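A short write-up of the structure that comes next.
Remember, predicted model here, so these are calculated numbers, not experimental data.
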Amino acid sequence: MLTYLDHELDTRVDCYSIMLKISIGDYLKFIQTVYKDQGGIKGQRAPLKTKSAQRIRKRLIDDLKRGTVIPPIVLGLRLDNEHFTDLTSDIPSKSLSIFQRIDVAKQVSIIDGMQRTTALYEAVPASFFEPALAVANDGEGYLDVKKSIRLEIWVAKATNSLIYRMLVLNSGQIPWNIKRQLEVVFTQLKTELEGNVNGLELNTSDDKDSRKQAGQYQASQFIELFMLFGAKRINIDVQEELAEEFARLDIIATSGNAEFMNMFYGISRLLVGLDQQFSRVPTTKGEIVLAKHKTGLSIFSSQPARAGFVVAASQEIFGVPGIEFTIEEQKKRFDDIRQLTDGLVKKLSDADVSIIDEFIDLPTLDERTNKKSGKVGEFERAFFLDSFKTFFTLLRSGSLTIMTPCWSTKL
């Protein structure tokens, strides 16, 4: 049972908020695949385990059975241009068939309401679901699955609109860190990235040896790159609440930019393009023994190197944290570095492997990164950020003929 209530257009990020009413039973059956994947629970907060949290949820379950009204559960739905246009041409009537026309697992995210959804699952009879979804219920009586709840569905053409909406909704909720928030919609973001960046393959496996060629990366690490690109900083200390909040504000500001996602796609393409050209160097010939960076593929096999490139590009486009260029300036700076880096990738693609070998200068990179440090990860991130900031500076000036000055940055 589904009833249309209302809708509004959010002109800030070009998405629609659609208010619907649905029976609890229909909602729980509709959302079960998303709940298992996200609420099982990788992105959203898992059902809380503390004694006080369990007591609070038990009270919510009891209140539900006694007829309490819960706030609307917020879902995110991404549609392609054709289906978005079709839906928005007549939202009151077409939103009623929205559940039948989408791939729930790939297009829907629970933006706000995982704990309420968990309480609903625990308040209905286990026999209502398939055995795999049965939830033990220790209360007396069960919730009537025909009872209605309200849903707010944010419908967007671009994932960054949903990310922006989610971050704004949760900006005052301390229990969530940014990575968990982004993981909620990353399934959709992963699909968009692979569809928009040729040669990009995001592996969801935890196998550390899964990278066999340029363009292959861990999907979970690309979540971080997306986050760093929006935050404009090389590392986010999620243990520091204040630092996290400033990073969240930076990501909200950048992800709310209509061009933000296209810019991230563009920078991802440049990353893959350079990775593909660097990886053509199998190993450096000569008497020098390399310890860490033995091949061109090894450069962007390093997450610190990928993070350094992405954050350096972000700062070139948006400005360093605390400083932000105008939208027009951001577009111009993005176009500049895209054209310059594309030109370099094209030049390298036409060059012999020996030329690329000389250009990337693995011996200097290996020597500079092969240092003993108590905090290797932090050192490498700072090193590669400075390296790629130098890279973009030299690229802009037309004086980038070899990577040696980039690797020789002082720390």
Main-chain N/O of A307 paired to R381 side chain as donor or acceptor, under 3.5 Å
no
Can you tell me which residue pairs pass the salt bridge (Lys or Arg N to Asp or Glu O under 4.0 Å) test with a partner in residues 264-276, sequence neighbours excluded?
R211-D275
Could you tell me whether the side chain of E329 and the main chain of T326 form a donor-acceptor pair under 3.5 Å?
no
Y265 versus F260: any side-chain heavy-atom pair under 4.5 Å?
no
Smallest separation among heavy atoms of R280 and I356, with atom names:
NH1-CD1, 3.2 Å
Please confirm whether the backbone N or O of L77 pairs with a side-chain atom of Q107, one donor and one acceptor, at under 3.5 Å?
no
Is any side-chain heavy atom of S89 closer than 4.5 Å to a side-chain heavy atom of K94?
yes
Separation between CG of L271 and CD of Q276, rounded to the nearest 0.5 Å
9.5 Å
Hey, does D10 have a side-chain heavy atom less than 4.5 Å from the side chain of S17?
no
Does Y121 reach the side chain of Q32, with side-chain heavy atoms less than 4.5 Å apart?
yes
Distance check, rounded to the nearest 0.5 Å: K232 atom NZ versus Q315 atom CD?
8.0 Å
Got a sec: does the CG of D335 have more than 12 other heavy atoms crowding it under 6.0 Å?
yes
Please report the C-alpha distance between I102 and F30 in whole Å, then the side-chain angles of each, then the deciding distance to 0.1 Å, and finally whether the side-chain contact (heavy atoms from CB on, under 4.5 Å) criterion is met.
CA-CA 11 Å; I102 57 177; F30 167 75; 4.1 Å; yes
F222 and F264 aromatic ring geometry - parallel, tilted or perpendicular at 30°/60° bounds:
perpendicular
K389 and E316, any side-chain heavy atoms less than 4.5 Å apart
no
Nearest heavy-atom approach of S95 to L2 is O-CD2, 3.8 Å
So, for F84 and V155, which heavy atoms are closest and what is the spacing to 0.1 Å?
CE1-O, 3.6 Å
Between L274 and I299, is any pair of side-chain heavy atoms under 4.5 Å apart?
no
Pairwise side-chain contact, S314 with L228, heavy-atom cut-off 4.5 Å (strictly under):
no
Minimum heavy-atom distance between C15 and L9, given as atom pair plus value:
O-CD1, 3.6 Å
In sequence, state the C-alpha distance, the side-chain angles, and the governing distance for Y35 and T118, and then conclude on side chain to side chain donor-acceptor pair (under 3.5 Å).
CA-CA 9 Å; Y35 182 81; T118 298; 3.0 Å; yes
Please list, one pair per line, the donor and acceptor atoms closer than 3.5 Å that link side chains of residues 339-348 to other protein atoms, with sequence neighbours excluded.
from	atom 1	to	atom 2	distance (Å)
T341	OG1	I337	O	2.7
K346	NZ	D350	OD2	2.8

Could you tell me whether K332 and D336 have a side-chain N and a carboxylate O separated by less than 4.0 Å?
yes
Only one of S301, S298, S302 clears side-chain hydrogen bond (donor to acceptor under 3.5 Å, both in side chains) with H293; which?
S298
Checking the side chain of D144 only, and the main-chain atoms of K146 only, is there a donor and an acceptor separated by less than 3.5 Å?
yes
Output the distance between atom NZ (K294) and atom CG (D366), rounded to the nearest 0.5 Å.
8.5 Å
On a heavy-atom basis, the closest approach of A214 and S279 is CB-OG, 3.5 Å
Basic-acidic side-chain contact under 4.0 Å: R338, E259:
no
Side chain E201, main chain G215, donor-acceptor under 3.5 Å:
no
P282 and V353 have their tightest heavy-atom pair at CD-CG1, 4.0 Å
Evaluate the side-chain contact (heavy atoms from CB on, under 4.5 Å) criterion for residues L225 and Y217: first the C-alpha distance (whole Å), next the side-chain angles of each, then the deciding distance (0.1 Å), finally the verdict.
CA-CA 11 Å; L225 295 184; Y217 315 104; over 6 Å; no
Side-chain donor/acceptor of D80 to backbone N/O of H83, under 3.5 Å:
yes
Does some side-chain heavy atom of K331 sit less than 4.5 Å from a side-chain heavy atom of M263?
yes
Determine, step by step, whether R150 and V69 satisfy the side-chain contact (heavy atoms from CB on, under 4.5 Å) criterion, reporting the C-alpha distance in whole Å, the side-chain angles of both residues, the deciding distance to 0.1 Å, and the verdict.
CA-CA 9 Å; R150 289 166 297 163; V69 176; 3.6 Å; yes
So CG of L79 and NZ of K157: to nearest 0.5 Å the spacing works out to 10.5 Å
Rounded to the nearest 0.5 Å, what's the gap from CD1 on I31 to CD1 on I110? Could you check?
4.5 Å
Q303 CD to F384 CZ distance, which is reported to the nearest 0.5 Å
11.5 Å
Side-chain donor-acceptor contacts of residues 18-28 below 3.5 Å, not counting sequence neighbours, with atom names and distances?
from	atom 1	to	atom 2	distance (Å)
S23	OG	D26	N	3.1
S23	OG	D26	OD2	3.1
D26	OD2	M1	N	2.1
Y27	OH	T117	OG1	2.8

Heavy-atom count check: over 12 atoms from other residues, nucleotides or ligands less than 6.0 Å from E194 CD?
yes
Should the pair F388 and W407 be assigned to parallel (<30°), tilted (30 to 60°) or perpendicular (>60°) ring geometry?
perpendicular
Given V272 and F300, is the side-chain contact (heavy atoms from CB on, under 4.5 Å) satisfied, shown in steps?
CA-CA 9 Å; V272 172; F300 286 119; over 6 Å; no
Ring centres under 6.0 angstrom apart (F392, F309)
yes
Quick check: are there more than 12 heavy atoms from other residues, nucleotides or ligands sitting under 6.0 Å from CD of E8?
no
